[in-house]
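One structure is given here, and the rest of the page talks about it.
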Amino acid sequence: MFLEEHDEVIIDDENRSITIKGLKNFNPKHIFECGQCFRWDPEEDGSYTGIAFGKVLNVSKVDDLVVFKNTNFEDFKNIWVEYFDLNRRYSEIKEMLSKKDKYLNEAVKFGDGIRILKQDGWEMLISFIISANNRIPMIKRVIDTLSKKYGVFVQNYNGKDFYSFPSPIAFAETHMQEIRACSTGFRDKYIKKTSEAVILEDFEVNSLREVSGDECRKKLMSYSGVGAKVADCIALFGMQKYDSFPVDVWVKRVMQEFYNAQDMSLPKMRKFGVELFGKDAGFAQQYLFYYVRENQIGK
DNA sequence: GGTCAGGGTAGCC
DNA sequence: GGCTACCCTGAC
């Protein structure tokens, strides 16, 4: 069914759960806390619950069992295999990157269960506009509030209500002050203008998956509130442009601490990363980001 | 209650 | 391309 190494898949449609035994390169904590997504939160038992593509899912890992709860086999096959990119052989990527240098080798060992999610392009566009000059807990809170107010109710799971991510029209029809009331700060106008632009040109954001990485980033940067860093993130997390190397404060620290780039400008760091790691630059960035942020290196 | 920094961007040269 | 002004919020 999918290529990533595993022993067996246990389907329990009656209890709405899928269990995979011996699934390699999959750690919920690494996946959901490496900074690529904002709508997954840890439960008390260590599992994570989140929403994507209008479906609520709970993911846990106990010993060598990865368990997907609140789903049936149909959705697992059609949505989650793709979302978690289970057809990609991470062992090969990790092996390649580990050989690059000792820092990346260390970072890959540290975040060995990271996978880059294939998230919705539109959701990434707005989410990373919100991320500009913002903190991760705050970004999550803003997205949560916006979804509650302008999204569609999906399900109550474990005592919590889940709402879909708002559509372009929902933002375009909302007054800027109302958007701002969700603690977006100065990014309110970016959300509003970008939504209006997407509506006006009747643009299917996910169609950027079909164009080249450079063309994709260029188009993204034409939207208000999208600069180089944000475009790189959207391209990487929403459009599968793995040759993106987003440079934020943390990656900047990595480059300065590990790669002797003290006096390098941000555009040059980006170029440096892309040239160093090539088509897998995005994967390298995620391992490095998770490693330095979790260990607060360079602060 | 000031100061600081957070997954930066826009606008100007 | 590089530099600067600016942007809002929560934590200390």
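Throughout, protein chains are lettered first and strands after them, A, B, ... in sequence-line order, and every chain is numbered starting at 1.
Within residues 214-248 of chain A, no residue approaches DNA chain C, by heavy-atom distance under 4.0 Å. Looking at residues 172-201 of chain A, you'll see Arg180(A), Gly185(A), Phe186(A) sit with a heavy atom under 4.0 Å from some atom of DNA chain C. Using a 4.0 Å cutoff on non-hydrogen atoms, the parts of residues 255-282 of chain A near DNA chain C are Ser265(A), Lys268(A), ordered by number. A heavy atom lying under 4.0 Å from DNA chain B marks the following residues of residues 123-147 of chain A, by number: Ser131(A), Ala132(A), Asn133(A), Asn134(A), Arg135(A), Ile136(A).
Between Phe272(A) and Tyr259(A), the angle of the ring planes goes over 60°, which puts this pair in the perpendicular group of the 30/60° scheme. Classified by interplanar angle (parallel below 30°, tilted 30° to 60°, perpendicular above 60°), the ring pair Phe110(A)/Tyr291(A) is perpendicular. Note on ring orientation: taking the six-membered ring where Trp is involved, the planes of Trp80(A) and Phe84(A) are tilted (angle from 30° to 60°).
Distance check, rounded to the nearest 0.5 Å: CZ of Arg89(A) to CG of Asn25(A) gives 11.5 Å. The CD1 atom of Ile79(A) sits 9.5 Å away from atom CG of Leu57(A), with the distance rounded to the nearest 0.5 Å. Put simply, CD1 on Ile191(A) and OG1 on Thr174(A) are 10.5 Å apart, with the number rounded to the nearest 0.5 Å.
Consecutive Watson-Crick or G-U pairing (both distances under 3.5 Å) extending over three or more pairs maps onto DNA chain B as B:2-6 with C:8-12, B:8-13 with C:1-6.
The salt bridge (Lys or Arg N to Asp or Glu O under 4.0 Å) contacts involving residues 230-251 of chain A comprise Arg217(A)-Asp232(A), Arg217(A)-Asp243(A), Asp232(A)-Arg270(A), where partners must be two or more places apart or lie in separate chains. Each side chain to side chain donor-acceptor pair (under 3.5 Å) pair with one or both residues in residues 119-130 of chain A, not counting sequence neighbours, appears once here: Asp120(A)-Asn206(A). Evaluation of the salt bridge (Lys or Arg N to Asp or Glu O under 4.0 Å) test over residues 19-38 of chain A, restricted to residues two or more places apart or in two chains, returns Glu5(A)-Lys24(A), Lys21(A)-Asp64(A), Lys29(A)-Glu33(A), Lys29(A)-Glu294(A). Screening residues 175-186 of chain A for salt bridge (Lys or Arg N to Asp or Glu O under 4.0 Å), with sequence neighbours left out, gives Arg180(A)-Asp188(A).
Tyr90(A) and Phe283(A) have their aromatic ring centers within a separation under 6.0 angstrom. Two rings, from Tyr190(A) and Phe128(A), have their centers 6.0 Å or more apart. Aromatic ring centroids of Phe68(A) and Phe26(A) lie under 6.0 Å apart.
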Going by atom type alone, with no hydrogens or angles, which donor-acceptor pairs under 3.5 Å involve a side-chain atom of residues 218-225 of chain A and a protein atom two or more places apart or on another chain?
| from | atom 1 | to | atom 2 | distance (Å) |
| --- | --- | --- | --- | --- |
| Lys219(A) | NZ | Glu201(A) | OE1 | 3.4 |
| Lys219(A) | NZ | Glu201(A) | OE2 | 3.3 |
| Ser222(A) | OG | Lys219(A) | O | 2.6 |
| Tyr223(A) | OH | Glu201(A) | OE2 | 2.5 |

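Atom NZ of Lys252(A) has 12 or fewer heavy atoms from other residues, nucleotides or ligands within 6.0 Å.
Lys189(A) pairs by the salt bridge (charged side-chain N to carboxylate O under 4.0 Å, His left out) definition with nothing, not counting sequence neighbours.
Criterion: ILVMFWY side-chain heavy atoms under 4.5 Å apart, direct or through other members. Under it, Leu125(A) and Leu146(A) are part of a common hydrophobic cluster.
Reading DNA chain C from its 5' end, the first and the last nucleotide to sit under 4.0 Å from a heavy atom of chain A are dG2(C) to dG10(C).
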